[in-house]
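Here's the structure, in structure tokens; my notes come after.
Reckoned from all heavy atoms, side chains included, excluding hydrogens, waters and symmetry mates. In this text, all values refer to a predicted model and were calculated from it rather than measured experimentally.
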Amino acid sequence: MEDKMYLTAGELSDMLGISKQTVLYYDRIGLFSPAGRDEKGYRYYTIPQVDELDTVLSFRNMGVPLGELRDYLREKSPQRCLDLLGEHLGRIDTELQRLSTIRKKVSGKIRQVETALAITDHNAVRFEEREELPYLYQPCDATDQRRFMVSFLALCEQRKHYQIDFYNPICRLVELSDLKAGNFSQISFLGAPVQKPDPGEKLLYQPAGIYASTYQCGSYGDTAETYRRLLGKIDEMGYEVCGRAYESDVLSILTNPDGDYTIHIAVQVKRREPA
């Protein structure tokens with residue numbers, strides 16, 4: 001062998017930005033072997049092998065398992081290369097979908113926390129027009145803890161199907177009759193807004209119209225006082241309740257150091273008819 005016509009394991013590893021131990025390990029497992037050895041047993045590699053190892057590293061960076069890669073290198077062909085790349089492209093697409101779902105969850109949580117931090121007056125009551133909005137929903141009995149949990153878990157599964165868990169919070173819906181009777185803790189449905197429901201999906205609709213909303217800070221047990229404050233403001237402003245209440249958590253015990261909740265409560269209203 002003439003000098004400069006071959007590379008040592010160290011020179012090869014430096015050229016490709018990997019450790020020398022990786023080069024030696026690939027030799028031991030029969031994945032990538034040197035062109036030969038000198039009289040002292042040192043490995044040497046040819047210049048064309050630089051490109052070969054770079055290809056091996058590219059496959060590894062794509063996550064191709066060592067076993068599959070070793071089998072391919074033993075019987076290389078354009079078609080086998082195409083098949084191997086096609087299989088791995090499918091894995092990449094699956095991983096990208098998983099990461100996209102995670103990103104939506106994280107983005108949704110960021111929006112929730114940012115919304116909570118932007119609240120300057122939790123006691124203020126806001127009136128606003130809303131468009132019709134479809135909800136996934138499950139009937140709920142808040143007086144039975146077991147049945148409540150069954151409904152909650154069923155709705156969680158629906159949200160996973162649409163990949164909106166952590167993206168759209170679960171809402172607690174209180175019927176108009178219970179609002180008028182002062183039964184503010186009587187949750188009739190659990191729901192989650194959904195933008196593009198599947199055809200045939202069973203939905204509950206939040207009607208278009210005017211909604212009065214405010215925030216509750218504390219535990220769920222404190223909502224009665226918040227409802228009385230909200231209803232008082234509705235009456236004071238010349239409105240009357242005409243539809244359900246929608247409760248949703250903005251901050252939960254997972255993000256609030258005091259262990260309390262920040263809850264958004266919105267109630268459908270209309271202008272009160274003159275007496």
Side-chain angles (χ1 to χ4, degrees), residues 95-138 140 151-153 155-174 184-185 187 189-197 203-231 233-234 237 239 243-269:
E95 180 65 9
L96 287 174
Q97 185 176 15
R98 185 184 73 86
L99 291 174
S100 176
T101 299
I102 293 174
R103 192 183 192 286
K104 288 179 181 178
K105 291 181 180 181
V106 173
S107 297
K109 200 62 178 178
I110 288 173
R111 281 195 298 274
Q112 278 186 274
V113 176
E114 287 178 339
T115 298
L117 292 176
I119 301 170
T120 56
D121 184 358
H122 290 82
N123 293 322
V125 175
R126 180 183 179 189
F127 293 82
E128 63 180 350
E129 288 276 356
R130 291 189 179 183
E131 297 180 354
E132 183 181 74
L133 183 63
Y135 275 70
L136 304 171
Y137 75 97
Q138 289 290 330
C140 174
S151 297
F152 179 82
L153 293 176
L155 186 58
C156 286
E157 286 300 314
Q158 286 180 284
R159 292 200 308 162
K160 285 182 181 179
H161 169 72
Y162 287 99
Q163 299 183 6
I164 57 174
D165 41 335
F166 278 108
Y167 189 73
N168 287 338
I170 288 180
C171 298
R172 298 170 294 279
L173 279 59
V174 181
F184 307 122
S185 61
I187 309 298
F189 298 97
L190 296 177
V194 59
Q195 297 297 326
K196 296 180 180 180
L203 299 169
L204 180 151
Y205 285 86
Q206 175 183 286
I210 304 172
Y211 286 79
S213 65
T214 191
Y215 290 93
Q216 150 75 25
C217 295
S219 67
Y220 286 127
D222 298 332
T223 54
E225 181 59 35
T226 302
Y227 270 106
R228 283 190 283 269
R229 172 170 56 83
L230 176 59
L231 295 179
K233 191 65 173 179
I234 290 170
M237 298 299 293
Y239 290 89
R244 297 185 180 95
Y246 300 80
E247 302 177 6
S248 59
D249 296 337
V250 180
L251 283 185
S252 69
I253 56 175
L254 294 178
T255 49
N256 195 326
D258 298 325
D260 290 333
Y261 289 81
T262 298
I263 303 168
H264 182 257
I265 301 175
V267 179
Q268 186 182 14
V269 299

For this session: I would like to know whether Leu203 and Val194 meet side chain to side chain contact (heavy atoms under 4.5 Å, CB included); could you show each step before the answer?
Result: CA-CA 9 Å; Leu203 299 169; Val194 59; 4.1 Å; yes
Exercise. Thr115 and Ile119: which non-hydrogen atoms are nearest, and at how many Å?
Worked result: O-CG1, 3.3 Å
For this session: Go through Ile210 and Arg130 one step at a time and tell me if the side chain to side chain contact (heavy atoms under 4.5 Å, CB included) criterion holds.
Result: CA-CA 6 Å; Ile210 304 172; Arg130 291 189 179 183; over 6 Å; no
For this session: Taking all heavy atoms of Ala224 and all of Phe184, pick out the closest pair and write down the distance.
Result: CA-CD1, 3.9 Å
Exercise. Hey, does Pro197 have a side-chain heavy atom less than 4.5 Å from the side chain of Tyr162?
Worked result: yes
For this session: First locate atom CD1 of Ile170, then atom CD of Glu247, and finally report the distance between them rounded to the nearest 0.5 Å.
Result: 13.5 Å
Exercise. For Val250 and Ile263, what are the C-alpha separation, side-chain angles and deciding distance, and is it a side chain to side chain contact (heavy atoms under 4.5 Å, CB included)?
Worked result: CA-CA 6 Å; Val250 180; Ile263 303 168; over 6 Å; no
Exercise. If you look at every heavy atom in Ala192 and Arg159, which pair is closest and at what distance?
Worked result: CB-CD, 3.6 Å
Problem set entry | Heavy-atom side-chain proximity of Leu190 to Arg172 below 4.5 angstrom | yes
Problem set entry | Heavy-atom side-chain contact between Leu173 and Tyr137 under 4.5 Å | no
Exercise. Which value, rounded to the nearest 0.5 Å, describes the distance between Cys217 atom SG and Asn123 atom CG?
Worked result: 8.0 Å
Problem set entry | Gln216 CD to Tyr227 OH distance, which is reported to the nearest 0.5 Å | 9.5 Å
Exercise. Who pairs with Arg98 by side-chain contact (heavy atoms from CB on, under 4.5 Å), at least two apart in sequence or on another chain?
Worked result: Glu95, Ile102
Exercise. According to the ring pair (Phe, Tyr, Trp, His ring centres under 6.0 Å) rule, which pairs have a member within residues 95-123, sequence neighbours left out?
Worked result: none
For this session: Heavy atoms only: give me the nearest Tyr135-Gly191 pair and the separation to one decimal.
Result: CD2-C, 3.8 Å
For this session: Tell me, yes or no, whether the heavy-atom count around Glu132 atom CD, taken from other residues, nucleotides or ligands under 6.0 Å, exceeds 12.
Result: yes
Exercise. Would you say Gln138 and Gln158 make side-chain contact, with heavy atoms under 4.5 Å?
Worked result: yes
Exercise. What residues form a side-chain hydrogen bond (donor to acceptor under 3.5 Å, both in side chains) with Arg126, not counting sequence neighbours?
Worked result: none
Exercise. Got a second to check how far Leu136's CG is from Cys171's SG, nearest 0.5 Å?
Worked result: 11.0 Å
Seminar exercise, completed: Across all chains, not counting sequence neighbours, the side-chain contact (heavy atoms from CB on, under 4.5 Å) partners of Thr214 are Val125, Thr226, Arg229, Leu230
Exercise. What residues, two or more places apart in sequence or in another chain, satisfy side-chain contact (heavy atoms from CB on, under 4.5 Å) together with Leu153?
Worked result: Met149
Problem set entry | Check: Leu117 and Glu114 side chains under 4.5 Å, non-hydrogen atoms | no
Seminar exercise, completed: In terms of heavy-atom contacts, Ser151 and Cys140 come closest through OG-CA, 4.0 Å
Exercise. Do the side chains of Asp249 and Thr262 get nearer than 4.5 Å, heavy atoms only?
Worked result: no
Problem set entry | Pro207: side-chain contact (heavy atoms from CB on, under 4.5 Å) partners, not counting sequence neighbours | Tyr211, Tyr246, Gln268
